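Reading through the structure tokens given below for one structure.
All figures in this text were calculated on a predicted structure; none of them were measured in a lab. Residue numbers begin at 1 in each chain, while the letters A, B, ... track the order of the sequences. Worth knowing before you read on, the calculation uses all heavy atoms, side chains too, and leaves out hydrogens, waters and symmetry mates.
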There are 2 protein chains.
Amino acid sequence: MTPTVTQTGTLSTRERILLEASRLFARNGYRGTSTREIAAAVGIRQPSLFHHFPSKQTIMAELIDIDHAEATRVAKREAAASGSPAVRLYRYLVADISFICRCAYDLSSVESVLNDSDFGDKRQRHNELQGARLAIIEEGIDSGEFVKSDPLIAHKVITWILRGDIVDTAGEPQADADDFAHQLASFVLRAVLADPDRVDEIRAGVELEMNQG
Amino acid sequence: MTPTVTQTGTLSTRERILLEASRLFARNGYRGTSTREIAAAVGIRQPSLFHHFPSKQTIMAELIDIDHAEATRVAKREAAASGSPAVRLYRYLVADISFICRCAYDLSSVESVLNDSDFGDKRQRHNELQGARLAIIEEGIDSGEFVKSDPLIAHKVITWILRGDIVDTAGEPQADADDFAHQLASFVLRAVLADPDRVDEIRAGVELEMNQG
DNA sequence: GTCTATAATAGGATAGAC
DNA sequence: GTCTATCCTATTATAGAC
């Protein structure tokens with residue numbers, strides 16, 4: 001399984017390569033990170049990397065797959081879930097944000113390399129995930145639960161918040177990842193709901209569900 | 001002056017280097033962009049770049065200065081401006097977002113290189129700008145105009161929205177940059193205001209000011 | 001599973017002709 | 001102001017010893 005931030009003490013060399021590579025890719029970009037830097041961070045020599053991965057590209061490809069596997073899991077669950085668009089959007093945000101905060105790997109670089117031709121085949125799944133998010137927003141606007149406005153604005157802002165969260169809080173242990181996730185989700189819901197006062201009720205309902213399940 | 005998206009037809013070689021470098025830095029990162037790629041995009045040979053800039057680093061440094069010069073101008077103006085925190089935050093957001101949309105250069109890479117030791121001296125001004133923004137938010141919460149919550153959450157979200165806007169819409173001509181800026185600013189204000197219904201009144205007031213000034 | 005040595009290529013920057 | 005030619009270093013990846 002994908003390691004969490006609390007498990008970084010007991011990683012295999014392969015996992016430590018993924019961890020250090022993810023941090024360096026986040027800081028200096030995929031192209032801007034050399035295999036020597038990754039190896040140095042892991043504590044091995046540069047050619048030893050190639051015993052665990054056939055190329056630098058496959059290290060990045062595995063990080064992309066880790067990110068997409070979890071995002072797909074959450075998106076599929078909320079697509080089939082019960083509840084109004086607001087409740088499902090709230091649950092989706094909390095699940096995604098707390099995964100980002102808990103995952104040991106810093107997945108910031110994933111989205112930015114999807115424009116690179118080397119990873120073009122990974123892009124379709126990313127687009128599908130974006131579409132699933134937009135669909136919830138459109139449903140909320142159509143039903144009158146969300147304020148009447150361009151769904152693309154809310155969709156963009158949510159994308160940017162998730163991206164910002166990945167970049168700024170990924171990979172570092174967060175004091176209280178759950179509370180942070182709820183605060184961010186509440187911020188978005190306040191902006192989006194036709195009746196912003198419903199935020200507290202939605203938050204309480206989702207927290208109850210999570211404590212039971 | 002810094003060129004806008006509508007002026008990309010009449011640029012000097014020096015400005016075209018800044019333009020193409022900004023786009024490549026945005027896509028592939030500062031480290032991940034070679035001087036050969038920049039030269040090819042401009043339509044000259046690699047050594048010719050060094051007639052206009054003494055190094056690759058000085059190209060990036062100039063892009064940072066362009067970004068910070070405008071951000072400082074806007075922040076200083078709103079620090080001294082009249083109006084409630086909500087009105088000043090709204091004006092700040094609209095000014096910053098429409099600058100991002102109008103500037104010919106894609107300034108996405110600026111924030112990410114500030115962690116690089118090569119540009120450490122530019123970082124202080126960035127931190128001062130962040131502080132000015134946080135101060136407006138804290139003032140709004142203390143006065144009761146904003147909803148009672150952790151000011152750092154709103155601050156983070158605003159940072160992420162501005163960053164996302166830079167990354168996704170910078171450098172490309174926007175159909176209606178002003179309307180887009182107002183929609184994003186309204187989204188943030190709805191989430192932040194104790195009385196979200198005041199958004200339309202604040203928007204109308206700022207639009208009136210802008211049409212007069 | 002990690003090492004040293006090395007191949008082959010791409011990187012930033014300079015010199016000097018035009 | 002741009003060019004060709006070139007220097008030196010850094011890059012990804014392989015071969016083969018231990």
First of A:Ile44 and B:Thr33 reached from the 5' end of DNA chain C, by closest nucleotide: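 Nearest-nucleotide comparison on DNA chain C picks A:Ile44.
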Listed nucleotide nearest any side-chain atom of B:Pro47, set C:dG12, D:dC3, D:dA13: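 The listed nucleotide nearest to B:Pro47's side chain is D:dC3.
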Steps toward salt bridge (Lys or Arg N to Asp or Glu O under 4.0 Å) verdict (B:Lys122, B:Asp65): CA-CA 8 Å; B:Lys122 308 278 184 191; B:Asp65 287 341; 2.9 Å; yes
N/O donor-acceptor pair under 3.5 Å between B:Ser55 side chain and B:Thr58 backbone: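 Pair found, side chain donor or acceptor close to backbone of B:Thr58.
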Without decimals, in angstroms, what is the distance between [X] [atom1] and [N] [atom2]?
| X | N | atom1 | atom2 | value |
| --- | --- | --- | --- | --- |
| A:Leu49 | D:dA13 | CG | P | 10 Å |
| A:Ile38 | D:dT11 | CD1 | P | 11 Å |
| B:Ile17 | D:dT2 | CD1 | P | 7 Å |
| B:Arg36 | D:dA5 | CZ | P | 13 Å |
| B:Phe50 | C:dG16 | CZ | P | 17 Å |
| B:Arg31 | C:dG11 | CZ | P | 15 Å |
| B:Lys56 | D:dT9 | NZ | P | 18 Å |
| B:Arg45 | D:dG1 | CZ | C1' | 15 Å |

Sugar-phosphate only, base, or nothing, as touched by B:Ser34 at under 4.0 Å among non-hydrogen atoms: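 Contact class for B:Ser34: sugar-phosphate only.
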B:Lys56/B:Asp118 under salt bridge (Lys or Arg N to Asp or Glu O under 4.0 Å): CA gap, chis, key distance, verdict: CA-CA 11 Å; B:Lys56 177 179 156 182; B:Asp118 291 351; over 6 Å; no
Parallel, tilted or perpendicular: ring planes of A:His182 versus A:Tyr90, cut at 30 and 60 degrees: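 Tilted: the ring planes of A:His182 and A:Tyr90 meet at 30° to 60°.
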Non-hydrogen side-chain atoms of A:Arg163 and B:Asp168 separated by less than 4.5 Å: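 Of all side-chain heavy-atom pairs linking B:Asp168 with A:Arg163, at least one is under 4.5 Å.
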Do any side-chain nitrogens or oxygens of [X] fall under 4.0 Å of OP1 or OP2 in [N]?
| X | N | answer |
| --- | --- | --- |
| A:Thr13 | C:dT2 | yes |
| A:Thr35 | D:dT12 | yes |
| B:His51 | C:dT14 | no |

